[in-house]
Protein chains: 2
Amino acid sequence: MPGTKPVPDIVVGRLPIYLRALTRLLEEGQQVVASKELAKRLGISSAQIRKDLSHFGEFGKQGKGYEVAYLRDQLRSILHADRTWNMALIGAGDLGHAIAHYMEFEKEGFRIVCVFDNNPQKIGRRLGKFEILDMAALPQKVREQEIKLAVVAVPAEAAQSVVDELVRAGVKAILNYAPATVVVPPNVHVQSIEPVMYLQRMTYYL
Amino acid sequence: MPGTKPVPDIVVGRLPIYLRALTRLLEEGQQVVASKELAKRLGISSAQIRKDLSHFGEFGKQGKGYEVAYLRDQLRSILHADRTWNMALIGAGDLGHAIAHYMEFEKEGFRIVCVFDNNPQKIGRRLGKFEILDMAALPQKVREQEIKLAVVAVPAEAAQSVVDELVRAGVKAILNYAPATVVVPPNVHVQSIEPVMYLQRMTYYL
DNA sequence: TAGATTGTTAATCGATTAACAATC
DNA sequence: TAGATTGTTAATCGATTAACAATC
């Protein structure tokens, strides 16, 4: 229904954490879980877990808790994690290689379907099962393969211009491994994943 | 001085973003920057940048802005990013290999000094310049090399027990690449870095 | 039924922003 | 000096938590 308040980003950000924990519980054979137990596992308050879930529906049973398999399915559906997403990988350097060979993506429904680089030395060569393509071929590939997601693994200096090209080609969400902040229009999403920043957040306290 | 209110974690978390932007500005040859300009680059409000910095001192000049080189040095000092930190890497699989070869760590003062695995097939073999060690050797190495930081790149099922061993050996901060939430005592820091979670945060909106 | 736990409300807590005096 | 921008205050906004009626 229109006019409904959007779910806060910070709540959406916690859903994958819940989903991962539920998947784990399912593997361990647990059928029902209370918010209190989940809270203990995750270091999040039980009230917060219940409140977060309540944005999307009533998934639990008073006196019992949540059926693990059912709640997991619901979260997968909410996050659109119950389908396969095609992704473009930009950057065929060391990091690009590691990303292309990282198996978790495929396992979780994120499939790299093409690889790009702007280095003429690399274009035409192979990265695993992919031929490395010229960036000029991006818009066509995005259209043909219905690519909504891209992974950026280029040097920091190149990040913004690569992201601009992705946006122009119609990509809607970008996972950025480059150590740089990139700016995108409001209808495009970016998540930056930067190990050095995480380390610096911790050395502050040491 | 004792009794001073600690700086909020969320503020500390933004400092590396500022640091990275200042390093970039310095490379571009810019000598002075106003909070307003930095704000535009980072998609953060100028008031927030000034407020964040004010937790640590007065670094700017009214009417001018901040001296890029000076503020950068201050932030490096605050974050303890002006020294080299020894790190242990746990897990010599594909991901461990990629991490060991990721050059940014070394460039930013984070040096991997030893590699561990619990697979007897791997122990004694090499990963780059390192001999892969048995986890049993961890406490001694932590002591000898004054290791405060570790990087975990093991399967999700093994993550918690590896983290427990790290904590017991005296490691104070852990960068966790395993797709699992891990629990640590309050005096130990963990940052989890999980690409699939970032992707799921974005597919929600697609 | 008695016990347990949900979903939700209201209170609390904390973070962000707007505004401006101070001052370079 | 006039113009610009900081550092800081107070107001606003939003997120977390405690508590409990509803109910399985």
Side-chain angles (χ1 to χ4, degrees), chain A residues 3-18 21-22 25 30-75 78 181 186 201 204, chain B residues 3-18 21-22 25 30-75 78 181 186 201 204:
Chain A
T4 303
K5 284 217 192 77
V7 177
D9 286 353
I10 198 161
V11 173
V12 174
R14 279 190 293 262
L15 298 186
I17 300 175
Y18 302 153
L22 291 163
L25 284 169
Q30 191 168 331
Q31 303 204 346
V32 174
V33 68
S35 61
K36 203 173 158 189
E37 187 189 351
L38 207 47
K40 200 175 171 194
R41 281 205 175 221
L42 297 177
I44 293 177
S45 81
S46 63
Q48 180 156 87
I49 293 173
R50 294 198 302 277
K51 185 123 218 280
D52 285 353
L53 295 177
S54 76
H55 283 98
F56 304 95
E58 308 193 355
F59 304 117
K61 277 206 182 65
Q62 283 101 325
K64 277 285 195 176
Y66 300 87
E67 260 202 64
V68 175
Y70 175 71
L71 182 55
R72 173 168 176 273
D73 286 349
Q74 293 295 310
L75 288 178
I78 290 163
T181 301
R201 279 176 193 174
Y204 169 81
Chain B
T4 304
K5 283 216 191 78
V7 177
D9 287 353
I10 198 161
V11 173
V12 174
R14 279 190 293 262
L15 298 186
I17 299 174
Y18 302 153
L22 291 163
L25 284 169
Q30 190 167 332
Q31 302 203 349
V32 174
V33 68
S35 60
K36 203 172 158 189
E37 187 189 352
L38 208 47
K40 200 175 171 194
R41 280 203 176 224
L42 297 177
I44 292 178
S45 82
S46 64
Q48 180 156 87
I49 292 173
R50 295 198 302 278
K51 184 123 217 278
D52 285 352
L53 295 177
S54 76
H55 283 98
F56 303 95
E58 307 193 354
F59 304 117
K61 278 207 181 66
Q62 284 101 324
K64 277 285 195 176
Y66 301 87
E67 260 202 64
V68 175
Y70 174 71
L71 182 55
R72 173 170 176 272
D73 286 349
Q74 293 296 310
L75 287 179
I78 290 164
T181 301
R201 277 175 193 173
Y204 170 79

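Throughout, protein chains are lettered first and strands after them, A, B, ... in sequence-line order, and every chain is numbered starting at 1.
- Here CG of B/Asp52 is found 8.5 Å from OG of B/Ser45. Values are rounded to the nearest 0.5 Å.
- Looking at A/Leu53 and A/Leu75, their side chains come closer than 4.5 Å, going by heavy atoms from C-beta outward.
- Here the NE2-NZ distance, from B/His55 to B/Lys5, works out to 9.5 Å after rounding to the nearest 0.5 Å.
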Go through the steps for A/Tyr18 and A/Leu15 under the test side-chain contact (heavy atoms from CB on, under 4.5 Å), then give the verdict. CA-CA 5 Å; A/Tyr18 302 153; A/Leu15 298 186; 4.1 Å; yes
For nucleotides 1-14 of chain C, give me one character per nucleotide, 5' to 3': B if any protein heavy atom sits under 4.0 Å from the base, S if the only such contacts are to the sugar-phosphate, - if neither. ---BBBBBB-----
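- Distance B/Ile49 CD1 to C/dT16 C1': 13 Å, rounded to the nearest Å.
- Here the CZ atom belonging to B/Arg41 is positioned 9.5 Å from the CG atom belonging to B/Leu22, to the nearest 0.5 angstrom.
- Between B/Ser45 and the phosphate of C/dT17, there is a side-chain N or O to OP1/OP2 separation shorter than 4.0 Å.
- C/dT17: Watson-Crick or G-U partner is D/dA10, with both key distances under 3.5 Å.
- Residues B/Tyr66 and B/Arg50 are in side-chain contact: their nearest non-hydrogen atoms beyond the backbone lie under 4.5 Å apart.
- For the pair B/Asp9 CG and C/dT16 P, the computed distance is 12 Å after rounding to whole Å.
- In this structure, D/dT23 and C/dA4 make a Watson-Crick or G-U wobble pair, each of the two defining distances being under 3.5 angstrom.
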